[in-house]
Amino acid sequence: MKRTFTRRELLRLMMAGGGAAVLAACGNQSGQGGQTGTQATQAPAVVSQPGSKVKITYWGSFSGNLGEAEQAMVKSFNESQNEVEVEYQFQGSYEETAQKFTAALQANTTPDVILLSDVWWFGFYLAGAITALDDLAKQVNLDFNDFEPVLLNEGVRKGVHYWIPFARSTPLFYYNKAIWAEAGLPDRAPETWAEFSEWAPKLVKSDGSRAAFGHPNGASYIAWLFQGVVWQFGGQYSQPDFTMTMTDPNTLRAAQFYQDTVVKNKWAVLNTNLNQDFLGGAIASMMASTGALAGIQSTATFPVGVGFLPKETNFGCPTGGAGLAIVSRAPAEKQLAAMKYIAFATSTANAGIWARSTGYMPVRISTKQTPEMVEFFKQNPNFKTAVDQLPKTRAQDAARVFVRNGDQIIGKGLERIIVNGEAPSAVFAAVNDELAQGAKPILEDLKAREG
């Protein structure tokens with residue numbers, strides 16, 4: 001049965017996660033891919049009427065070589081069987097895809113399967129725009145037990161799966177090995193921020209042409225990277241019940257650290273294009289997505305090093321990226337066909353092909369043990385770093401990924417602290433209030449949706 005969306009729901013979807021969500025936890029969507037995988041493996045057969053072919057539409061969000069890898073997956077699926085045909089349609093960035101989906105819901109011109117980022121899927125779940133996947137998964141023998149739990153569980157509500165991990169990432173610490181060697185530093189990432197604070201002056205050029213570290217000058221991406229730093233300092237954005245904790249002393253301590261790196265200690269800078277400045281040597285290191293790894297390594301003119309994120313009081317690292325969802329308005333036959341595609345794209349072998357082609361993490365546990373991945377990790381140890389770090393990661397706080405525009409609210413507050421030099425306590429007090437107000441309609445929607 002087709003669902004009719006209320007004006008309230010559609011307006012909320014229009015407002016959800018706006019602004020610069022394009023960069024949030026997604027890596028380099030237009031980056032140049034690195035090593036490519038082999039042809040994707042065969043899809044399981046779809047049960048359909050003899051001689052018929054179920055045609056479905058898939059909305060994707062990657063450009064550059066990531067987009068080529070995404071389209072190659074669709075092509076391989078279509079060539080592997082003759083019962084389902086997926087039409088790939090590029091919709092732009094994560095944000096643009098979500099906005100077009102919102103408009104399509106209103107116009108009743110929705111796709112059948114869609115790639116949604118971590119800051120977008122929840123709003124569409126609340127509106128009932130994406131469907132429960134468990135029964136469909138059973139019909140195609142998709143084993144949820146083989147998915148990485150920390151990635152899979154983010155798309156679960158009340159024990160039901162709505163969002164399947166696909167292009168999933170975490171931040172890594174990237175460093176320029178040539179600059180590290182020039183400064184006489186050990187060939188590894190710093191273990192703690194205190195250690196890096198000792199190293200940083202050796203990496204800075206006195207003429208201002210190079211900083212030791214770069215923060216992204218964008219409200220969204222900086223909030224994702226700061227999430228891990230907040231945890232490292234013992235703070236958090238919010239509690240699971242949407243109680244905001246931006247004024248927690250440890251959260252403020254993390255914000256003060258960020259400010260000091262630029263304003264007081266002057267070894268870090270804000271960069272409009274973080275990856276480009278790293279590749280150009282304007283910064284010696286950065287935190288950036290695993291999804292950028294293939295592109296960075298294939299483009300860099302110097303050896304690239306990566307490591308776990310530095311610790312402070314604790315270790316902290318968030319997950320990020322995008323997953324696949326099936327549209328609730330799609331007819332049952334198309335929903336089943338869409339799940340067949342999801343099972344294909346996230347299979348043990350194809351999850352490995354995607355990971356090797358892009359730098360995103362393998363979403364299947366079994367993928368890591370395949371001969372292809374074992375050999376790939378042996379030849380490309382940087383790619384294994386994210387996999388080794390994954391057990392230490394966790395899902396982001398609700399304030400960033402579930403509150404409407406929470407990602408931007410936090411990011412813009414951080415920019416005020418770093419760029420304007422404003423006091424973290426005053427800025428985050430205002431941010432806390434804004435997030436709390438933004439959480440109210442979410443709590444109302446959750447009550448209506450989940451009881």
Side-chain angles (χ1 to χ4, degrees), residues 23 25-38 62-70 72-73 166-183 185-190 203 210-214 216 221 224-225 271 273-310 317 319-322 351-363 367-368 370 372-390 393:
L23 291 177
C26 66
N28 181 9
Q29 292 189 58
S30 61
Q32 297 300 306
Q35 290 187 307
T36 58
T38 56
F62 293 120
S63 58
N65 277 24
L66 293 179
E68 291 176 8
E70 188 177 33
M73 188 72 72
F166 175 61
R168 299 306 310 276
S169 59
T170 70
L172 291 173
F173 187 93
Y174 288 74
Y175 65 98
N176 184 318
K177 289 193 173 193
I179 296 175
W180 244 239
E182 176 188 302
L185 299 176
D187 185 9
R188 61 173 174 81
L203 301 168
R210 186 176 73 208
F213 187 82
Y221 200 38
W224 180 54
L225 297 176
N271 304 79
N273 192 323
L274 195 67
N275 292 355
Q276 180 178 305
D277 286 345
F278 177 70
L279 290 169
I283 56 175
S285 61
M286 62 178 181
M287 289 188 295
S289 170
T290 58
L293 180 56
I296 287 174
Q297 285 200 160
S298 66
T299 307
T301 57
F302 54 84
V304 176
V306 298
F308 285 17
L309 300 190
C317 181
T319 57
I353 291 171
W354 174 255
R356 295 192 295 274
S357 300
T358 64
Y360 283 105
M361 292 181 295
V363 297
T367 298
K368 296 181 294 186
T370 61
E372 294 85 356
M373 286 306 299
V374 170
E375 180 62 24
F376 181 76
F377 287 147
K378 182 179 178 181
Q379 299 297 326
N380 302 273
N382 279 353
F383 283 77
K384 191 172 185 295
T385 302
V387 175
D388 292 340
Q389 184 179 244
L390 183 60
T393 65

[X] versus [Y], closest heavy-atom pair with distance:
| X | Y | answer |
| --- | --- | --- |
| Trp354 | Glu70 | CZ3-N, 3.5 Å |
| Ala351 | Val363 | CB-CG2, 4.2 Å |
| Gly214 | Asn271 | CA-OD1, 3.3 Å |
| Ala386 | Thr290 | CB-CG2, 3.2 Å |

Counting N and O atoms only, with roles assigned by atom type, does the side chain of [X] sit under 3.5 Å from a partner on the main chain of [Y], one being a donor and the other an acceptor?
| X | Y | answer |
| --- | --- | --- |
| Gln389 | Pro171 | yes |
| Tyr175 | Arg188 | yes |
| Trp224 | Thr319 | yes |

Practice problem: State whether Arg210 and Glu182 are salt-bridged, where the test is any N-O pair (Lys NZ or Arg NE/NH1/NH2 against Asp/Glu carboxylate O) under 4.0 Å. | Solution: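 Counted as a salt bridge, because a side-chain N and a carboxylate O are separated by less than 4.0 Å.
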Can you find a pair of side-chain heavy atoms, one from [X] and one from [Y], that are under 4.5 Å apart?
| X | Y | answer |
| --- | --- | --- |
| Phe166 | Tyr360 | no |
| Ser285 | Asn176 | no |
| Phe308 | Cys317 | no |

Practice problem: Before giving the answer on ring-ring contact (aromatic ring centres under 6.0 Å, His included), spell out for Phe377 and Phe383 the whole-Å C-alpha distance, their side-chain angles and the decisive distance to 0.1 Å. | Solution: CA-CA 6 Å; Phe377 287 147; Phe383 283 77; 8.0 Å; no
With rounding to the nearest 0.5 angstrom, report the [atom1] to [atom2] distance, [X] to [Y].
| X | Y | atom1 | atom2 | result |
| --- | --- | --- | --- | --- |
| Leu203 | Phe213 | CG | CZ | 11.5 Å |
| Thr367 | Arg356 | OG1 | CZ | 8.5 Å |
| Ser169 | Leu390 | OG | CG | 10.5 Å |
| Met287 | Tyr221 | CE | OH | 9.5 Å |
| Ser298 | Asn65 | OG | CG | 7.0 Å |
| Phe302 | Lys177 | CZ | NZ | 11.5 Å |

Exercise. For Phe278 and Ile296, run side-chain contact (heavy atoms from CB on, under 4.5 Å): C-alpha distance rounded to whole Å, both residues' side-chain angles, the deciding distance at 0.1 Å, then the answer.
Key: CA-CA 9 Å; Phe278 177 70; Ile296 287 174; 4.0 Å; yes
Self-check item: Intermediate values then yes/no, side-chain contact (heavy atoms from CB on, under 4.5 Å), Met286 and Phe173
Solution: CA-CA 6 Å; Met286 62 178 181; Phe173 187 93; over 6 Å; no
Quiz prompt | Trace of the side-chain contact (heavy atoms from CB on, under 4.5 Å) decision for Leu172 with Thr385 | solution = CA-CA 8 Å; Leu172 291 173; Thr385 302; 3.9 Å; yes
Exercise. With side chain to side chain donor-acceptor pair (under 3.5 Å) as the test, would you mind laying out the steps for Asn275 and Tyr174 before giving the verdict?
Key: CA-CA 10 Å; Asn275 292 355; Tyr174 288 74; over 6 Å; no
